[in-house]
Amino acid sequence: MTRKQLVINGEWRDASDGATMPVINPATEEVIALVAAATRDDVDAAVAAARAAFEGPWGQMPARERGRLLWKLAERLTEQIDEVARLETLHNGKPITESRHVEIPMAAECLQYFAGWADKIEGDTIPVKSGALVYTRREPLGVVAAIVPWNFPLLLAMWKVAPALAAGNTVILKPASQTPLTALALGQLAIDVGLPPGVLNVITGSGSRTGQALVEHPGVNKIAFTGDTSTGKGIMRTAAETIKHITLELGGKSPNIVFADADLDAALRGATVGIFYGKGEVCAAGSRLLVDKAIKNEFIDKLAARTKKMVAGDPLDPKTRLGAISSKSQLERVLGYVDIAKQEGATLVAGGARTDIGTGKGFFMQPTVFADVTPQMTIAREEIFGPVLAAIDFMDVDEAIARANDTVYGLAAGVWTRDIKKAHYVASKLQAGLVWVNTYNVYDTAAPFGGYKQSGFGREMSKYAFDSYTQIKTVWVDLN
Ligand code: NAD
């Protein structure tokens with residue numbers, strides 16, 4: 001049994017009370033590791049180490065040197081990509097092809113992108129009426145705590161760690177208790193490439209014990225959080241006590257709108273990728289399919305046929321496209337929504353049940369599509385975070401927009417049409433931080449990502465990320 005400690009101040013150590021938590025492989029139900037469950041004392045130690053590094057070697061290091069070290073970290077991650085991808089699949093259940101060819105390469109690329117920015121974070125000179133020299137400096141915030149969920153464990157961590165470090169902050173990373181292994185691997189790589197001790201600390205533990213202690217800690221300057229909307233609300237309340245900077249990337253119920261004039265084969269692929277990539281455990285999943293009434297029957301029939309062909313498989317098999325749901329409790333939660341949908345009168349056209357891959361073990365589920373969903377039904381309103389698609393129809397452009405925006409969330413949206421005017425018009429009307437036109441679920445480190453409404457605030461990736469990891473100092477110099 002692998003035992004994993006905490007990374008604090010460049011060293012591995014047990015939790016101060018010796019407590020551990022099991023990590024379960026959702027494809028086999030086996031305990032694959034025991035990791036430390038960090039206490040308040042451990043959080044204190046991590047904050048002290050991060051503060052010392054911020055005021056010491058990291059804070060004093062020339063920006064270009066910081067960037068060079070981050071680039072080196074990206075290179076080391078790329079060298080270890082096979083092993084890190086395997087860990088990601090083992091603790092999360094996602095297909096190895098997603099870990100090896102999408103998520104971990106994107107994490108390395110994110111690090112490189114921000115490494116390149118480290119010495120390009122500039123201020124302005126500002127003409128003022130008194131003729132004084134006024135300029136701004138973009139300064140780091142200090143100690144950043146990055147708290148991340150279990151669906152894209154390393155990538156979502158990197159979206160925070162990379163810009164935070166590039167801007168000169170130091171970081172305490174807390175992965176989700178279900179998926180701590182790749183964050184810990186990153187902690188080791190940081191030691192290997194010579195990041196000064198305390199620059200990147202990785203502490204594992206539950207949200208209620210370790211996460212809460214980080215949010216309460218007066219020595220933490222910023223919380224960068226991705227996770228559930230209700231957790232985000234609690235973090236906002238707790239962070240108010242110490243006026244911390246916060247950014248929140250929260251849940252979603254994203255509409256994927258298919259107009260009758262779309263390339264329907266492409267839209268069909270987009271609808272399935274939109275919901276079944278990552279087992280639907282994707283915050284931006286296109287979980288509400290809005291279909292033009294004119295093509296509804298034909299489109300749903302094809303979608304159901306396509307969905308029925310998708311079969312769950314061993315996540316470590318390179319041919320597998322649908323892995324295991326991340327945990328038993330998540331599987332139960334998703335199946336609970338299937339029951340609710342049936343009770344509320346939605347029509348099940350594909351899937352809807354637990355399945356297995358011939359081993360009798362693992363948390364596998366059939367990809368599922370419900371048709372005849374009305375906007376009031378629970379599966380049209382609540383985030384399921386699993387492979388369940390709710391298809392809702394609409395009459396015209398205005399109704400499509402109204403239904404798309406009829407949600408407390410606002411993370412992403414898709415629009416499928418050949419009419420360029422309609423595409424831009426609808427994109428402008430959608431209340432979402434990200435709109436995909438004739439595509440879905442594509443990302444690039446250079447393009448910002450983040451939510452409107454209760455999907456949160458702050459933007460990850462891109463140059464806009466620095467707005468969340470720096471503060472502006474204005475300097476007046478009297479020239480008279
Ligand atoms: P979660 O909110 O339960 O947990 C996320 C992280 O917060 C974990 O590390 C957890 O340990 C920690 N945490 C829990 N309670 C805490 C507390 N009181 N104080 C501090 N930390 C605490 O979410 P989850 O179930 O792990 O992830 C699924 C959710 O994440 C979904 O709602 C999904 O939409 C959302 N998500 C959003 C995005 C995005 O970018 N908007 C991306 C991925 C996932």
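First listed ligand is number 1; within each ligand, the first listed atom is number 1.
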Mind checking whether [X] contacts ligand 1 via backbone (N, CA, C, O), side chain (CB onward), both or neither, at a 4.0 Å heavy-atom cut-off?
X	value
N151	side chain
L250	backbone
D228	both
Q178	neither
L156	side chain

Go through the side-chain N and O atoms of [X] and [Y] and say whether any donor and acceptor fall under 3.5 Å apart.
X	Y	result
Q178	S326	no
D14	Q5	yes
T182	E88	yes
D228	S230	yes

Around [atom], find the nearest protein heavy atom and jot down its residue, atom name and distance.
atom	answer
atom 17 (C) of ligand 1	G207 O, 3.5 Å
atom 31 (C) of ligand 1	E383 OE1, 3.4 Å
atom 28 (C) of ligand 1	F385 CE2, 3.4 Å
atom 8 (C) of ligand 1	V148 O, 3.3 Å
atom 18 (N) of ligand 1	Q212 OE1, 3.0 Å
atom 25 (O) of ligand 1	W150 NE1, 3.1 Å

> Which is closest to atom 1 (P) of ligand 1 by heavy-atom distance: L411, T231, T226, I147?
Replying inline: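 Heavy atom nearest to atom 1 (P) of ligand 1 belongs to T231.
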> Out of S455, C283, A183, whose heavy atom sits nearest atom 39 (C) of ligand 1?
Replying inline: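 Among S455, C283, A183, the closest heavy atom to atom 39 (C) of ligand 1 belongs to C283.
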> Is any heavy atom of the protein nearer than 4.0 Å to atom 36 (N) of ligand 1?
Replying inline: yes
>> Between K328 and E29, is the salt bridge (Lys or Arg N to Asp or Glu O under 4.0 Å) condition met? List the steps.
In response: CA-CA 9 Å; K328 183 163 184 271; E29 302 180 41; over 6 Å; no
> Applying a strict 4.0 Å limit to heavy atoms, is F152 in contact with ligand 1?
Replying inline: no
>> I'd like to know if P175 contacts ligand 1, where contact means a heavy-atom distance under 4.0 Å to any ligand atom.
In response: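 Yes.
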> Should the pair F152 and Y277 be assigned to parallel (<30°), tilted (30 to 60°) or perpendicular (>60°) ring geometry?
Replying inline: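 Rings of F152 and Y277: parallel, as their planes differ by under 30°.
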>> With heavy-atom distances below 4.0 Å as the criterion, list the atoms of ligand 1 near F449.
In response: 40 (O)
